[in-house]
Amino acid sequence: MKETQYSICGMCAVRCPVTVHVEDGKPVWIEGNNNDAAMGRSLCAKGGASFAQRLDKQRPAAPLVRMGQRGEGQWREVSWDEAYDYITTRLKAVIAEHGERSIMFSDRGGPFADLRKAFVKALGSPNYHNHDCTCGRSVHHASQSVYGLGRKGFNYDYENARHIVLFGRNITESLRVKEVKSFLKGIKNGAKVTYIDPRASVTASKATRFWQNRPGTDYALLLGIAHCVVYNNYYDEEFVEQYVTGLPELKTFLAPYTPEWAAQESGISAAEIEAFCQELKKDRPKVIIHPGWNLARYGDSFYASRMIHILNALMGSIEQPGGLFYVKGPKDAGKTGLKSLGALSPAVTEDRADGCGTRFPLWDKGAGMLHLTYEAIDTDVPYPVKAYFVHRHNPFIALPDTREQKRILDKLDLIVAVDINFSETAWFADVILPESTYLERASILRTEKGLKPGFGRRQQCVQPLNNTKAGWEIYSDLAKRMGKGDSFPFESIEDIWQYQLQDTGLTAADFDEKGFVKLTDKAIWYDRANLKFGTDSGKIEIINSKWEAAGIVSLAPYVSPETPPAGSFRLLAGRSGYQAHGHHHNNPILHEFLDQNKLWINTQSAAELGIKDGDQVRVAAGDIEGVIVAYVTDLIHPEAVFMLHGFGTDVPAKKRSFGKGLADQIFMIGKLKAWDKAGGGVNLAEAFVKVTPV
Ligand SMILES: Nc1nc2c(c(=O)[nH]1)N[C@H]1C(S)=C(S)[C@@H](COP(=O)(O)OP(=O)(O)OC[C@H]3O[C@@H](n4cnc5c(=O)[nH]c(N)nc54)[C@H](O)[C@@H]3O)O[C@H]1N2
Ligand SMILES: Nc1nc2c(c(=O)[nH]1)N[C@H]1C(S)=C(S)[C@@H](COP(=O)(O)OP(=O)(O)OC[C@H]3O[C@@H](n4cnc5c(=O)[nH]c(N)nc54)[C@H](O)[C@@H]3O)O[C@H]1N2
Ligand code: SF4
Ligand SMILES: [Mo]
């Protein structure tokens with residue numbers, strides 16, 4: 001029998017809508033969900049390897065309980081009942097001794113996270129975290145401090161832009177299918193692209209202008225650009241007059257930061273900066289300056305990203321075709337949203353262990369700051385944290401300094417990993433609960449925000465091959481066993497969908513035709529004559545007094561990044577189109593495409609060290625070292641070396657990828673404590689390594 005199923009790809013956190021063709025219970029073809037015009041039939045390489053992920057035999061195939069020491073890799077296969085008993089017995093003991101707040105959860109966020117948040121809330125703990133302290137947290141807080149709206153509150157109309165400016169946003173490799181398509185259409189439609197990166201990525205090859213700046217100097221470059229724009233009146237005076245406060249203060253602040261000054265810091269000449277600003281003047285308001293992701297990995301990311309948001313406002317490119325637009329939700333379409341599963345549990349009033357909302361009053365409590373909860377585990381301050389659920393998240397790869405993380409996490413009484421793979425963190429856990437792969441499970445409904453808001457559904461396409469369960473089932477089961485059945489009164493995914501849809505006037509059957517439901521046919525744009533921003537004043541605030549009162553100044557002086565000592569380099573990392581972080585290196589197909597990373601090193605720097613292209617080189621930081629193949633090239637700045645992230649696994653069960661390539665995070669010694677004091681994000685690009693020939 002032939003069936004067509006609509007699902008939502010789970011091969012990376014982008015979660016594109018997909019169509020899956022199934023014959024006699026077997027998945028035979030997968031492509032983008034063509035009902036969604038922006039998606040078409042397109043899929044990326046990772047999405048194309050979905051079936052291989054399911055078939056991979058080097059994954060946990062049943063619940064596992066640890067034998068021996070943590071991380072030793074000795075497992076006992078158990079039934080789900082036994083695994084649940086193991087967990088709930090220990091969880092109850094932790095609660096009896098330290099209270100509900102001593103439970104923590106970390107998660108790869110995203111549109112299905114409502115389920116996991118509801119689980120943590122049902123247990124009575126405030127300590128839910130997502131991954132974002134290592135991703136866009138500083139950019140998120142920067143956006144909030146300028147517009148009163150988080151980083152995901154905006155999207156970008158690349159297709160109609162005249163100029164797209166990307167500060168290290170490697171949009172063609174670190175990709176989202178719809179976004180990269182829109183970007184390529186923008187280029188086809190004549191958009192200029194200015195790409196700024198110490199490394200020439202694939203996106204650089206699409207750019208009209210590529211600036212290879214000194215790593216960590218984007219804030220200087222942005223100050224020089226802002227100076228040029230403000231002092232030459234290149235900005236949109238009408239928009240600024242109506243919506244932006246604080247321009248006089250900005251002008252005074254920018255006085256010393258001339259393009260000539262910026263050139264010395266960044267290595268980009270004043271003449272080039274000026275030519276670029278003149279183009280911006282002509283191209284605005286159809287200008288997109290992406291607020292960055294990799295910008296969120298330096299000590300001054302918050303300020304660099306703030307300056308980008310300020311520049312977008314100066315361009316008048318907010319809520320503007322060809323510029324940035326607000327993503328609209330059900331309310332904007334005059335509709336009611338999905339009911340949150342968390343509404344079934346009482347509010348949790350305890351303070352968070354990481355200080356979000358208390359010690360750090362303006363940082364979002366929603367995502368938390370995992371690295372600061374690690375401090376609580378280590379020190380018992382503000383209170384002991386003793387049990388850890390880690391779901392679709394791999395902190396041993398995602399956070400710096402794996403060795404230090406192991407020391408800290410070993411203080412926990414219970415670690416439960418819910419994963420589909422033997423992640424490095426799962427390997428260290430006490431229990432692994434194997435989730436069914438995304439094709440083998442349904443998920444809760446998601447809200448899809450955008451110009452045309454709607455809801456989307458992931459259907460179960462095929463039966464699980466192994467003794468695995470869907471996340472909704474795992475957390476419902478566990479909640480019931482913890483005496484929290486009232487918070488999870490569901491027996492099936494259909495029960496959950498019905499609960500979520502109760503106020504929307506829709507039923508699950510409405511998703512059958514396309515896999516999603518749109519709440520409007522027409523794109524929703526706000527009236528540009530009457531915009532209202534989420535700040536206290538309702539304006540775009542260059543000086544935000546609320547953040548200033550919390551000790552976070554709005555305009556911070558520039559501090560030059562430290563120069564690495566001779567023979568050492570700033571360690572940069574990033575992604576390829578074939579991998580998502582650390583989790584596809586063992587995928588039977590994706591492993592064939594790319595089985596190890598190399599160390600990009602500048603031609604001149606390599607010559608000085610006697611290193612030739614293809615040589616084995618030693619990378620070291622403190623007492624940690626490893627060997628990797630050198631890629632000698634002019635495409636990387638002389639102060640930095642670069643490697644693709646996520647390689648070099650130390651989990652022997654992943655036989656294809658075990659020991660291949662090098663892991664970058666292990667070299668970030670002590671960097672768990674290095675984070676942006678204004679934005680909160682972890683500084684993943686502030687470690688140095690020594691490179692020597694082997
Ligand atoms: N050094 C360094 N560190 C980084 C980065 C870097 O470039 N360099 N990048 C940072 C960024 S931007 C981010 S977002 C984070 C990402 O960090 P993570 O969120 O940890 O990364 P992922 O690899 O997306 O996913 C984590 C886990 O999800 C599991 N998984 C995959 N599919 C499923 C599923 O269907 N169900 C379940 N239960 N589990 C599943 C994978 O096996 C993997 O173990 O890393 C950050 N850390
Ligand atoms: N294929 C694939 N796509 C993905 C992901 C994935 O894992 N795989 N992950 C998704 C996630 S979670 C995220 S957050 C995004 C990340 O999206 P990006 O932030 O665009 O991706 P990265 O590859 O981490 O980094 C991009 C570039 O930043 C550069 N960079 C380093 N230092 C500096 C600097 O000082 N200044 C500037 N201007 N550039 C610098 C690096 O050289 C690198 O080329 O990608 C998403 N898309
Ligand atoms: S970007 Fe690729 S891997 Fe990620 S969800 Fe989309 S198709 Fe899947
Ligand atoms: Mo990310």
Side-chain angles (χ1 to χ4, degrees), residues 7-18 30-33 39 41-50 53 108-110 130-137 139 151 165-181 194-204 210-222 266 268 290-301 304 308 397-398 438 458 561 570-585 587 590 594 600 635-637 639-646 664 681 683-686:
S7 180
I8 296 174
C9 179
M11 293 296 279
C12 87
V14 173
R15 301 172 175 103
C16 300
V18 289
I30 181 167
E31 60 191 7
N33 183 344
M39 186 73 200
R41 298 192 193 282
S42 314
L43 209 59
C44 82
K46 293 163 285 153
S50 298
Q53 178 182 69
R108 182 51 201 274
N130 71 23
H131 67 290
D132 209 37
C133 67
T134 54
C135 183
R137 227 13 26 192
V139 168
R151 73 173 171 117
V165 185
L166 303 168
F167 280 84
R169 174 69 191 101
N170 184 9
I171 202 163
T172 57
E173 290 179 283
S174 304
L175 60 89
R176 304 164 136 192
V177 170
K178 286 188 200 178
E179 186 177 62
V180 76
K181 286 178 77 174
T194 294
Y195 182 72
I196 301 119
D197 191 324
R199 178 182 79 103
S201 65
V202 169
T203 307
F210 168 52
W211 282 344
Q212 188 177 58
N213 64 327
R214 183 182 167 219
T217 62
D218 300 74
Y219 185 37
L221 192 51
L222 283 155
S266 64
I268 309 305
H290 191 287
W293 251 331
N294 226 287
L295 285 182
R297 291 155 201 166
Y298 287 85
D300 63 0
S301 292
I308 295 183
I397 300 266
Y438 84 89
R458 173 188 277 156
R570 186 176 289 272
L571 176 62
L572 302 182
R575 312 156 212 304
S576 85
Y578 302 124
Q579 306 286 353
H581 307 285
H583 81 250
H584 294 317
H585 302 83
N587 179 291
L590 296 171
L594 190 67
W600 294 43
L635 302 181
I636 177 91
H637 191 279
E639 244 183 54
V641 287
F642 171 91
M643 57 172 91
L644 288 173
H645 174 57
D664 55 327
N683 302 340
L684 293 173
E686 301 272 22

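Given the structure is predicted, the values throughout are model-derived calculations rather than measurements. For ligands, and for the atoms within them, numbers begin at 1 and follow the listed sequence.
Numbered from 1 in the order shown, with element, the atoms of ligand 2 that lie under 4.0 Å from a heavy atom of Gly577 read 1 (N). Heavy-atom contacts of Glu173 reach the following atoms of ligand 2: 1 (N), 2 (C), 3 (N) (cutoff under 4.0 Å). Residue-ligand proximity, Arg108 to ligand 2, at heavy-atom distances under 4.0 Å covers atoms 12 (S). Close contacts of ligand 2 with Phe167, meaning ligand atoms under 4.0 Å from a residue heavy atom, involve 38 (N). Of all atoms in ligand 3, numbered sequentially from 1 with element shown, those under 4.0 Å from a heavy atom of Arg15 are 5 (S). For ligand 2 and Pro215, the ligand atoms under 4.0 Å from any heavy atom of the residue are 35 (O). Atoms of ligand 2 lying under 4.0 Å from at least one heavy atom of Tyr298, given by number and element, are 31 (C), 32 (N), 33 (C), 34 (C), 35 (O).
Of the listed options Leu166, Leu684, Asp218, Asp218 places a heavy atom closest to atom 37 (C) of ligand 2. Ranked by closest heavy atom to atom 1 (N) of ligand 2, the top entry among Gly136, Ser174, Ser576, Ala580 is Ser576. Of the options Asp197, Asn170, Val139, Val202, the smallest heavy-atom separation from atom 44 (O) of ligand 2 is shown by Asp197. For atom 6 (C) of ligand 2, the nearest non-hydrogen atom from the set Arg176, Arg575, His583 belongs to Arg575. If you check each of Ala304, Cys44, Pro198, Cys135 against atom 14 (S) of ligand 2, the one with the closest non-hydrogen atom is Cys135.
Here the shortest heavy-atom pairing between Gly109 and Arg15 reads O-NH2, 3.7 Å. Of all the heavy atoms in Asp664 and Ala573, the pair that sits closest is OD2-CB, 2.9 Å. Closest approach of Thr172 and Leu175 over heavy atoms only: O-CD2, 3.6 Å.
Checked against a 3.5 angstrom limit, the closest N/O atoms of Leu175 and ligand 2 fall inside it. At under 3.5 Å, not a single nitrogen or oxygen of Ile171, backbone or side chain, sits near a nitrogen or oxygen of ligand 2. The shortest N/O to N/O separation between His581 and ligand 2 falls below 3.5 Å. Considering backbone and side-chain atoms alike, Gly216 places an N or O below 3.5 Å from some N or O of ligand 2. At least one N or O atom of Gln579 sits closer than 3.5 Å to an N or O atom of ligand 2. Some N or O of Arg199 is nearer than 3.5 Å to an N or O of ligand 2, by distance alone. For the pair Gly168 and ligand 2, the shortest N or O to N or O distance falls below 3.5 Å.
Rounded to the nearest 0.5 Å, atoms CG (Asp197) and CZ (Phe167) are 11.5 Å apart. Distance check, rounded to the nearest 0.5 Å: NE2 of His290 to CG of Leu166 gives 7.0 Å. Going from atom CG of Leu590 over to atom NE2 of His583 covers 9.5 Å, rounded to the nearest 0.5 Å. One finds the CD1 atom of Ile171 at 4.0 Å from the CD atom of Glu179 (value rounded to the nearest 0.5 Å). Note that the CE atom of Met643 and the CG atom of Leu572 stand 10.0 Å from one another [nearest 0.5 Å]. We find the CD-NZ distance between Gln579 and Lys46 to be 9.0 Å, quoted to the nearest 0.5 Å.
Contact between Ala685 and ligand 2 is absent, with no heavy atom of the residue lying under 4.0 Å from the ligand. Residue Arg214 places no heavy atom under 4.0 Å from ligand 2. Within the 4.0 Å heavy-atom shell around ligand 2 one does not find His645.
Considering only heavy atoms from C-beta on, Arg199 stays 4.5 Å or farther from Gln212 through its side chain. Side-chain atoms of Phe210 and Thr203, non-hydrogen and from C-beta on, never get closer than 4.5 Å to each other. Between Ser42 and Lys181 there is a side-chain heavy-atom pair separated by less than 4.5 Å. In this structure, Ile636 and Val641 have side chains that are not in contact, with every pair of non-hydrogen atoms separated by 4.5 Å or more.
Lys178 pairs by the salt bridge (Lys or Arg N to Asp or Glu O under 4.0 Å) definition with Asp36, not counting sequence neighbours. Considering only residues two or more places apart in sequence or on other chains, His585 meets the ring-ring contact (aromatic ring centres under 6.0 Å, His included) condition with Phe647. Listed by chain and number, the residues in a salt bridge (Lys or Arg N to Asp or Glu O under 4.0 Å) with Arg41 are Glu31 (sequence neighbours excluded).
Residue-and-atom listing of protein N/O/S atoms under 2.8 Å from atom 2 (Fe) of ligand 3, sorted by chain and number: Cys44 SG.
Relative orientation of the Phe642 and Trp600 rings is perpendicular, given thresholds of 30° and 60° on the angle between their planes.
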